[in-house]
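Everything on this sheet refers to the single structure shown next.
Quick note: residue numbers are just sequence positions, from 1. The model shown is predicted, which means the values in this text are computed figures rather than measured ones.
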Amino acid sequence: VRKANEAGVTLVAVVLDLTVPGGMGGAEAVSQIKQLIPNVPVIAASGYAEDPVIAQPQDYGFDGSLAKPYRMQELSAILEKLSKKNQPDH
């Protein structure tokens with residue numbers, strides 16, 4: 001995300017896995033991403049559907065969540081919902 005931002009790439013959303021063995025998981029990364037690009041929607045993804053982040057993503061700094069495995073239709077629906085939420089009122 002940092003490299004894309006520095007290169008001038010416009011991100012429409014970021015999907016983060018909550019658990020990354022040996023790496024930074026989504027719960028740790030979301031605040032860093034929001035500091036870099038405050039308005040980018042960040043979506044939590046996890047195979048642990050009972051994880052509280054999946055149930056209440058906004059409480060953890062996320063804009064939405066997906067339980068894995070998810071289908072393209074579910075990803076499309078959340079991206080559409082978040083894009084409408086981020087559009088200015090006319």
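- A salt bridge does not link E6 with R2: none of the charged nitrogens is closer than 4.0 Å to a carboxylate oxygen.
- For the pair D51 and V53, the tightest heavy-atom approach, listed with the atom from each and the gap, is OD1-N, 2.8 Å.
- The shortest heavy-atom contact between V40 and D63 is O-OD2, 3.7 Å.
- Taking CG of N39 as the start and CG of L11 as the end, the distance is 12.0 Å to the nearest 0.5 Å.
- No more than 12 heavy atoms of other residues, nucleotides or ligands shown are found within 6.0 angstrom of CD on Q73.
- Note that the CE atom of M72 and the CG atom of L79 stand 9.0 Å from one another [nearest 0.5 Å].
- Residue G64 comes nearest to P57 through the heavy atom pair O-CB, 3.6 Å, listed as atom of the first residue, atom of the second, then distance.
- Considering OG of S76 and CZ of R71, their distance stands at 13.0 Å, rounded to 0.5 Å.
- Counting only heavy atoms from C-beta outward, the side chains of F62 and L16 approach each other to under 4.5 Å.
- Side-chain contact check for V15 versus L75: some heavy-atom pair is nearer than 4.5 Å.
- V12 is not connected to I78 by any chain of hydrophobic side-chain contacts under 4.5 Å among Ile, Leu, Val, Met, Phe, Trp and Tyr, and they are in different clusters.
- Distance check: N5 CG to I37 CD1 gives 4.0 Å after rounding to the nearest 0.5 Å.
- Heavy-atom minimum distance, D17 versus S46: OD1-CA, 4.4 Å.
- In this structure, K68 NZ and L18 CG are separated by 8.5 Å, a value rounded to the nearest 0.5 Å.
- When hydrophobic clusters are built by joining Ile, Leu, Val, Met, Phe, Trp and Tyr residues whose side-chain heavy atoms come closer than 4.5 Å, directly or via intermediates, L36 is grouped together with V42.
- For the pair P41 and L82, the tightest heavy-atom approach, listed with the atom from each and the gap, is CB-CD1, 3.8 Å.
- Hydrophobic clustering keeps I33 apart from M24 (ILVMFWY residues linked when any side-chain heavy atoms are closer than 4.5 Å, directly or through intermediates).
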